[in-house]
Every structure is written in structure tokens, then in C-alpha cells.
Amino acid sequence: LDLLVRAFCIAGKDEAAQDIFKEIITSGVIPDMTTLNFLIRYWCKNRKINKAYAFIEEMKAFDCKPDLVTYSIMIDALCDRKNMVGAKALFDWMKEAGCKPDRYVYNTLMKGYCKIDKANEAKQVFETMKEDGCVPDVVTFNTLIFGFSKVGKVNEAKKFLKLMVEAGHSPDVVTYTSLMNGMCRNDKAIEALRLLDEMEEHGCKPDSWTYNTLLFGLSKSHHLYQAGKLF
RNA sequence: GUGUUGCC
């Protein structure tokens, strides 16, 4: 069943996948949650979030209740739509339902706040997650660094870089690129170029995203000559 | 190989 549902989804036949799933569950077999979650995620990523909701409701009647991953997928979908009120509400609802948040959901929520320029809210979530006993990981720090860089608070972002290193995580290409993005948006394009050297010294290879960030940033701030040198 | 992070 799992493979069938996946195959149908990948082929864009989510209706067929849904039918099979429903048929199995109606026959009294409780399918694996990974299968349901795969289907839910497919809908969320294809702008069919209402369908995902409806199906979750429908499945509750079969004693197939959403788990932590299901909620995470839904919360992420709301975050992508910048509906943080909804995302937070669903997060609270999830806790009511007895699902204990893990760092994935916390990271997801933080991303949502960062995307709408609410880095301080993200920082609150960061504090909550620690109080809750979740250990921040590379994604946690990268998300916060992205969030603060985005709103021009590069110094605040650097504080998290320090925290990250203290926690034993090495900055990666995402960390550096997020910081460069913030610098470029903040008329500190030259500083971003310095960071490029620094990351290479630390043995971190820039990728195409890094170069795109720099090229975009440098050309926007009239440093076309420097941009040309990147080639 | 069910979910979370960076440019346009």
C-alpha cells in the first residue's frame, strides 16, 4: 500500500492514492502513518491544504489520528502561506491533543516567523524550545541566523553564530550564505565578500546559492566590478 | 526514502 500511494502521488494521481488509502482503512486495516503523512505532505506542497485538512478529519473516524509529523507538515504549510496565527493555533492544538513538540516543529515555527520578518518571535520560540528540553541543532541556528540577517540585524545573527559554535556545531554553507544575504541587503556587500574568503579558509565550499546571493547583492549595490571578479 | 534551514 505504501508504495502504491507513493507511486500514485508521484504520478500526480493523488485522487487514486486517496481512494486506495480509504479502501484499505475501510476494510479494517490501520495503515502506517508514514503513508498518510506522505499523502498529506503531497497535498500541502501542491496548494491543496484544505484537502489535507478534510482528509485528516475523515480519517479520525477510523481511529487514524494525526501524529506529530502530520501536525508538523500542516504547520509548515501554514508557515509557507505566512499564516502564523493559524500555525501557532495549530501548534497549541497539537499540544492539547497530547503531541509533544520536537525540534523539527520548533524549527518549522521559527522559520515561519523569520520569513515574515519576526525574528524576535522566532527567538522566543527558541527560548521555549530549550525550556522544553529540545536541543537546538544546525537547522535551529541557521534559521535564526537567516531571520536576523534578513531584517538587517547582522550583529544579532552573529551572536547566534557564536552560540552555535559554542554548542559544538560548525557553520555550514547555509549559515554563511544567510549571513551574506543579510550583509548584502544592508549595504555591507564588501563585508559579505570578506565572509566568502573566511568560509573558504574554514574549508566550507560555496555553492550556487552562495554565488547567486553575492552576485545579486553586489550588482544591486553597484559593485559590479567586484561581482565580475567572482567569475 | 513520512516532517524543519539559505539567493532570484
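In what follows, every chain begins at residue 1, and chains take the letters A, B, ... in the order their sequences are listed.
In this structure, CG of A:Asn212 is placed 6 Å from C1' of B:C7, rounded to the nearest angstrom. A:Lys150 places its NZ atom 10 Å from the P atom of B:G6, with the value rounded to the nearest Å. Here the P atom of nucleotide B:C8 and the CZ atom of A:Phe146 are 9 Å apart, to the nearest Å. Distance CG (A:Asp80) to P (B:U4): 9 Å, rounded to an integer number of Å. One atom, CG of A:Asp172, and another, C1' of B:U5, lie 9 Å apart when rounded to the nearest Å. Here the P atom of nucleotide B:G3 and the CG atom of A:Asp32 are 13 Å apart, to the nearest Å. Across the protein-nucleic acid pair, A:Leu196 atom CG and B:C7 atom P stand 17 Å apart, rounded to whole Å. Atom CE in A:Met110 sits roughly 19 Å away from atom P in B:G3 (whole-Å rounding).
For A:Phe160 and A:Phe126, the distance between ring centers is under 6.0 angstrom.
Closest to the side chain of A:Thr143, from the set B:G6, B:U4, B:U5, is B:U5. The nucleotide whose nearest atom lies closest to any side-chain atom of A:Asp207 is, among B:G3, B:G6, B:U4, B:G6. Taking every side-chain heavy atom of A:Val174 into account, B:G6 is the closest of B:C8, B:G6, B:G1. Comparing B:U4, B:G6, B:U2 by their closest approach to the side chain of A:Tyr104 singles out B:U4.
Contact annotation for A:Thr70: no contact, since no heavy-atom pair falls under 4.0 Å across all strands. Among the protein residues, A:Thr34 comes within range of the nucleic acid bases, having at least one heavy atom under 4.0 Å from a base atom. Base contact: A:Leu68 has a heavy atom under 4.0 Å from a base atom. Here A:Asp137 lies out of heavy-atom contact (under 4.0 Å) with every strand. Backbone-only engagement by A:Thr108 is indicated by non-hydrogen atom pairs under 4.0 Å involving sugar-phosphate atoms exclusively.
Note on A:Arg41: a side-chain N or O is less than 4.0 Å away from OP1 or OP2 of B:U4. Listed pair A:Lys111 / B:U5 meets the phosphate criterion, a side-chain N or O lying under 4.0 Å from OP1 or OP2. Using a 4.0 Å cut-off, some side-chain N or O of A:Lys115 falls inside it from OP1 or OP2 of B:G6. OP1 or OP2 of B:U5 has not a single side-chain nitrogen or oxygen of A:Arg103 nearer than 4.0 Å.
Between the base of B:G3 and the side chain of A:Ser72 there is a donor-acceptor pair shorter than 3.5 Å.
For A:Lys13, the NZ atom counts as loosely surrounded, since its 6.0 Å shell holds 12 or fewer non-hydrogen atoms of other residues, nucleotides or ligands. The number of heavy atoms from other shown groups lying within 6.0 Å of NZ (A:Lys60) is above 12.
In terms of modelled atom types and a separation under 3.5 Å, the side chain of A:Asp67 and the main chain of A:Val69 share a donor-acceptor contact.
Below 30°, between 30° and 60°, or above 60°: for A:Phe55 and A:Trp43 the angle between ring planes is above 60°, a perpendicular geometry.
Using a 4.0 Å cut-off between charged side-chain N and carboxylate O, A:Glu166 and A:Lys162 make a salt bridge.
A distance cut-off of 5.5 Å between ring centres, combined with a plane angle under 30°, places A:Trp209 in a stacking arrangement with the base of B:G6.
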